[in-house]
**Q** 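Can you keep this structure in mind? I'll have questions shortly.
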Amino acid sequence: MKSEIIGKTFWIKLDGETWSTDLSELDEQYKSANKKKAASADQILAPMPGKITKINIKNGTPVKVGDVLIVMEAMKMEYTLKSELNAHVAELKVTTNQQVTLGELLIKLTPT
Amino acid sequence: MHKQEYILVMKEIRRIAIANRGEVAVRIIKACEELGLETVLLHSDVDRGSRAYRMANTPICIGGAASSESYLNIQNNIQGALAGGADAIHPGFGFLSENADFAEACAKAGLVFIGPSAKSIRLLGDKISCKKLAQRAGLPLVPGYEGDDQSIKTLLSEIEKIGLPVIIKAAAGGGGRGMKLVRTMSEAQSQIESAQRESLAAFGSDKIFIEKYLDQAKHIEFQIFGDSSGHVQHLFDRECSVQRRHQKIIEEATSPSLTDDLRRQMGEMAASIGMLAQYQGAGTVEFLLQDGKFYLLEVNTRLQVEHPVTEEVMGVDLVKMQLQTAQGKFIFPKNFSNRPQGHSIECRVYAEDPYKNGMPSTGLLGTVSWPEGPRRRFEFGFEKGDTITSFYDPMIAKVIVWDQNRTAAIQKMIQVLQDSVVFGVHTNIPYLTAILSHPEFINGTMTTRFIEQYFPNGISLDPKKLTERKDIAKKAWQLHKKEKLTMNSPISKIDSPWLSYWRGV
């Protein structure tokens with residue numbers, strides 16, 4: 001077995017398999033420091049670090065389930081973020097070509 | 001009148017600039033070192049933490065992280081190469097490697113472009129003129145649309161004419177970027193627009209073309225090489241049918257799908273297109289094979305990512321051959337008759353989460369260790385302490401094995417992957433081993449739809465396994481703390497035999 005702490009993550013290699021666990025799940029002392037924003041249908045967070053390449057909505061735009069809200073690019077591949085709600089856009093937090101980090105809040109929706 | 005004599009004035013090449021990054025930059029530096037050539041690495045400002053940066057004689061920063069400011073910027077590359085005192089530029093693959101304007105700009109600046117001439121790149125590299133050339137040569141082509149009218153209306157009506165399913169490709173592209181599959185007319189427009197955006201971002205042109213999609217095809221390609229005397233030879237075939245979103249994941253040489261007759265026909269044709277285009281250096285002629293018939297797919301006017309499997313079965317060094325050809329020193333022996341020996345497989349290791357359908361994974365690398373052994377080859381660009389960023393391709397390494405036959409090579413690859421360690425980013429290694437263990441792959445009957453058919457949502461982890469992993473992590477963490485290792489550094493490590501106690505927990 002091999003293991004290693006990298007940043008706030010504990011990595012393990014055992015029997016041909018590699019996986020990682022957040023230290024916050026293993027140790028009380030990391031819990032407060034590593035609090036994550038909860039993803040929910042009315043808060044669209046960046047699922048990965050990358051660049052915003054297309055924005056289909058503005059503040060106040062009404063959206064339906066399945067509508068493409070934002071297109072992102074990371075590692076040269078495109079990813080589309082869709083709405084899981086019928087809602088309108090309460091707050092758009094990003095602009096085209098902006099670099100975003102993992103878990104960053106991109107859009108707030110108000111369900112209708 | 002006297003027979004005209006050509007006096008070829010070859011500039012002596014002593015120092016090579018590398019207009020690339022990652023594992024291919026390392027590959028080129030090693031070949032240069034073996035030939036006694038100095039190296040200049042043209043890198044972006046976020047790539048200081050990389051193996052190529054540490055290995056090159058002279059690293060020169062040519063711009064910002066975004067490829068358009070550095071690796072795709074022609075003038076910055078030329079200026080960097082001149083500042084570094086280079087005589088020639090090796091473009092690697094991707095980025096500017098198939099850009100005829102770049103090849104021309106090199107020549108204007110007095111730098112040797114290591115690759116085919118700008119004219120050959122234009123003829124073959126632009127898929128539209130390549131098809132015209134192939135048509136003249138009588139090569140079978142896949143039905144499609146390649147016209148200049150790029151309006152959505154025309155593109156939609158052409159799709160209807162060709163008949164679904166169709167595939168949309170970047171005219172200036174390669175490597176799967178900007179490629180989109182259209183199965184229904186309702187998704188056609190959004191797929192066209194998406195392909196145009198990706199193409200513009202990756203290649204600087206939004207021109208696309210459309211092709212009938214062969215849905216039971218195998219991807220077979222032939223390595224070609226044009227030497228200093230103008231002779232073009234093929235170096236046999238590779239099969240790259242395992243592709244996800246049209247990006248290759250596993251490649252092998254030679255193909256398990258070709259009869260001797262097909263291999264001979266396709267090889268001869270590949271070499272003859274090369275001859276027609278007066279090809280110099282390394283190139284690849286890609287075919288689709290379905291129901292015993294083959295169609296020309298495209299010609300890539302550069303070194304391929306998967307070139308090592310050819311090197312392994314043919315016993316050649318394609319990068320050294322490229323460098324020597326540019327020096328005017330490489331000529332195939334008259335009796336060159338190398339035949340492929342044994343079997344070689346390459347797996348591309350991507351920084352992505354295999355349990356989240358390939359979501360990119362970035363971060364600081366911890367331990368990276370590759371299990372060395374006979375006929376195991378590891379091409380990698382990043383080591384412990386380097387950071388994988390979201391700016392570039394997710395490929396962080398290539399693992400290549402050779403063995404006596406295909407079955408043995410598959411078994412060897414699975415073992416090698418399981419013994420590899422990458423900490424800090426998630427990798428597709430579990431996904432690769434799942435593919436290598438799949439009956440269709442083992443039988444060699446996989447088509448380009450293999451991933452779509454058998455791994456449409458990637459792979460998933462049994463919830464029981466997930467719980468087990470968490471339990472092991474908790475126990476390992478307690479031991480880790482007991483070992484009282486310094487926690488000041490961002491990376492701390494234990495590799496204790498006592499921890500093997502937790503095996504099978």
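Per chain, numbering begins at 1; letters A, B, ... match sequence-line order.
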**Q** Among A:Ile5, A:Ile12, A:Ile6, A:Thr9, find the one that has a side chain to side chain contact (heavy atoms under 4.5 Å, CB included) with B:Phe423.
**A**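 Testing each of A:Ile5, A:Ile12, A:Ile6, A:Thr9 against B:Phe423, the sole residue satisfying side chain to side chain contact (heavy atoms under 4.5 Å, CB included) is A:Ile6.
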
**Q** Which of parallel (below 30°), tilted (30 to 60°) and perpendicular (above 60°) describes A:Phe10 and B:His480?
**A**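 Perpendicular, since the angle between the ring planes exceeds 60°.
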
**Q** Would you mind checking which part of A:Thr18 comes under 4.5 Å of any heavy atom in chain B, side chain (CB onward), backbone (N, CA, C, O), both or neither?
**A**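 For A:Thr18, backbone and side chain are both near chain B.
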
**Q** Tell me whether A:Glu4 contacts the main-chain N or O of B:Thr367 through its side chain, where contact means a donor paired with an acceptor under 3.5 Å.
**A**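 A pair under 3.5 Å: yes.
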
**Q** So if I take each residue of residues 58-72 of chain A and look for any heavy atom under 4.5 Å from a heavy atom in chain B, which residues do I end up with?
**A**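 The stretch touches chain B at A:Val71.
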
**Q** Below 4.5 Å from any heavy atom of chain B, which atoms of A:Lys54 appear? Answer side chain, backbone, both or neither.
**A**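 Side chain only.
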
**Q** Could you tell me which portion of B:Ser190 (side chain, backbone, both or neither) has an atom closer than 4.5 angstrom to a non-hydrogen atom of chain A?
**A**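 Contact with chain A involves no heavy atom of B:Ser190 at all.
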
**Q** Let me know if B:Leu461 has heavy atoms under 4.5 Å from chain A in its side chain, its backbone, both or neither.
**A**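 Contact with chain A: none, neither part.
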
**Q** Answer yes when A:Glu17 and B:Arg469 have at least one side-chain N-carboxylate O distance shorter than 4.0 Å, and no when they do not.
**A**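 Salt bridge flag = yes for B:Arg469 with A:Glu17.
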
**Q** With a 4.5 angstrom heavy-atom cut-off, is it the side chain or the backbone of A:Glu25 that approaches chain B, or both, or neither?
**A**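 Both backbone and side chain.
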
**Q** By a 4.5 Å heavy-atom criterion (distance strictly below it), what part of B:Thr389 contacts chain A: side chain, backbone, both, or neither?
**A**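 Only the backbone of B:Thr389 comes within 4.5 Å of chain A.
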
**Q** Taking every heavy-atom pair that is under 4.5 Å apart, which of B:Ser420, B:Gly358, B:Ala201, B:Ser369 has the most such pairs with chain A?
**A**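 Most heavy-atom pairs within the cutoff with chain A belong to B:Ser420.
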
**Q** Is B:Pro430 close to chain A through its backbone or its side chain, or both, or neither, when contacts mean heavy atoms under 4.5 Å?
**A**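 Interface part for B:Pro430: neither.
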
